[in-house]
Amino acid sequence: MKKIWVPAGAAVIAAGIFWLSNDTSGEEHSSIAYHTHKQTNEINREMDEDMSRFTYDSGYDFTYPENGVKGTYVTGHSAGGDRFNELLELTNSTGLNAMVIDIKDDRGNLTFKPAEDSSLPDIGKNMISDPKEMMKKLEENDIYPIARIVVFKDTVLAEKRPDLSYTKNGEIWKNGSDEAFVNPYEKEVWNYNLEIAKKAAKMGFQEIQFDYVRFPEGFEHRDEELNYSRGDYGQEGSNVEQRVTAVTDFVEYAREELNKTFDVDVSVDIFGYSATLKQAPGIGQNFSKIARNVDVISSMIYPSHWTPYFGIDKPDLHPYELTKEYAQVENEVLGKLEQPPQSRPWIQDFTASWLGSGNYQEYGVEEVQAQIRALNEQGIHEFLLWNATNNYTEGVNYTP
């Protein structure tokens, strides 16, 4: 790390003239005051060249859970409605201690309405009508807040800006679920999402969790038939290498930019199978490369989402075995990194009835605890519960 020499006397004088006030509203306000002359002695002092001038203070007081994050997923509608109080009660009465709250959802909308003079795009929905009150409740209940931001699955932005998406025959391409994606090669898309992440940090969230940090599933089968820009990534390497580089670069860039001002962790949701491959060819996810550039890696390891990959037939019926097999693979991959991130997998608290009779089971206390136990036995003591409707199983022992 490079060093620079700064005259200490000059630094003292400057600090005495200008400062940033702490403001619980989540917006910066500068104040200027003038002081009488004070004589100082000049002393050469060594400082880090890349040292941030200040770290933004949202005014909230949150502490990273001593026993590790154990959280639930919370939609914007739940966070802003009556369901929020039920989720607070669930968290307070169990071993849970964190919430992952949608700030930019799966369609591309903000889940709150920014102030009219905000620099954020006009994509807000009034799901969370009073974000300050929500954050205050989280602080009062000692619940660790994580902001979920869906990045490259963004129907709202794609429809507004087709040039940032993928088109075919003049129309925006959408997947079988009628969802559109925006282009990870486009750095305008990076900055669009980064501005939202910065706002979440100002709101008081202690971690920014980026989801859908990838190309659409199966993109390798349609990349040549769709029209889209390759930005700075169209010259070197294969299509697969270009996709992996773009996705990895986004993660690295986002973390560096956030860390310039905010004391927040950065996490990424990633397909569990990505840890079992050198890299996922279609979607551009390389587990090790992403892991090197985040504080937390959250693999989605729901048993229902696996084929007999680990030799487990009908994996939804075997949550303990599936989770154990995955955790062993992930530990091996992360163990090769010089500075591995915290592992915090997403686990299943829903019933995958769409798998059909004989291929799924009702998920309840036993099945959820089986996944947690398997993680714990492999030295992984953090997890997140996924249920799209936020209806979590009652009576679970989250520290089995």
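Residue indices begin at 1 and follow the sequence shown.
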Review point. R230 and Y228: side-chain donor and acceptor closer than 3.5 Å?
Key: yes
Point to revise | Side chains of Y212 and D269, donor plus acceptor under 3.5 Å | key: no
Practice item. Test side-chain contact (heavy atoms from CB on, under 4.5 Å) on D105 and M127 and set out the steps. Key: CA-CA 11 Å; D105 66 16; M127 302 177 200; 3.4 Å; yes
Check your understanding: Less than 4.5 Å apart, any side-chain heavy atom of E330 and any of I380?
Key -> yes
Check your understanding: Of the options Q285, K289, K278, which is the one that meets V244 in a side chain to side chain contact (heavy atoms under 4.5 Å, CB included)?
Key -> K289
Check your understanding: Looking only at side chains, do Q348 and D316 share a donor and an acceptor under 3.5 Å apart?
Key -> yes
Practice item. Indicate yes or no: does E195 engage K198 in a salt bridge with an N to O separation below 4.0 Å. Key: yes
Review point. Where does the angle between the aromatic ring planes of Y60 and F62 fall among parallel (under 30°), tilted (30 to 60°) and perpendicular (over 60°)?
Key: tilted
**Study point:** Under 3.5 Å side-chain donor-acceptor pair for N390 and S78
**Key:** yes
Point to revise | Derivation and outcome, salt bridge (charged side-chain N to carboxylate O under 4.0 Å, His left out), residues R148 and D106 | key: CA-CA 10 Å; R148 177 177 180 256; D106 291 55; 2.9 Å; yes
Check your understanding: side chain to side chain contact (heavy atoms under 4.5 Å, CB included) with P184: which of F215, Y233, F250?
Key -> F215
Point to revise | Modelled atom types, side-chain donor and acceptor of D249 and Y185, under 3.5 Å | key: no
Check your understanding: So, E377 and Y320: side-chain donor and acceptor under 3.5 Å apart, yes or no?
Key -> yes
Check your understanding: Is there side-chain contact between P65 and K70, with heavy atoms separated by less than 4.5 Å?
Key -> no
Practice item. Dump the intermediate steps for side-chain contact (heavy atoms from CB on, under 4.5 Å) on Y398 and N97, then the final yes or no. Key: CA-CA 10 Å; Y398 294 109; N97 54 34; over 6 Å; no
**Study point:** Side-chain donor-acceptor pair present, T111, N109, cut-off under 3.5 Å
**Key:** no
Point to revise | side-chain contact (heavy atoms from CB on, under 4.5 Å) evaluation trace for R243 with Q279 | key: CA-CA 10 Å; R243 288 193 289 270; Q279 53 197 21; over 6 Å; no
Practice item. Going by the side chain to side chain contact (heavy atoms under 4.5 Å, CB included) test, name the single residue among V268, V151, V213, I283 that passes it with V247. Key: V213
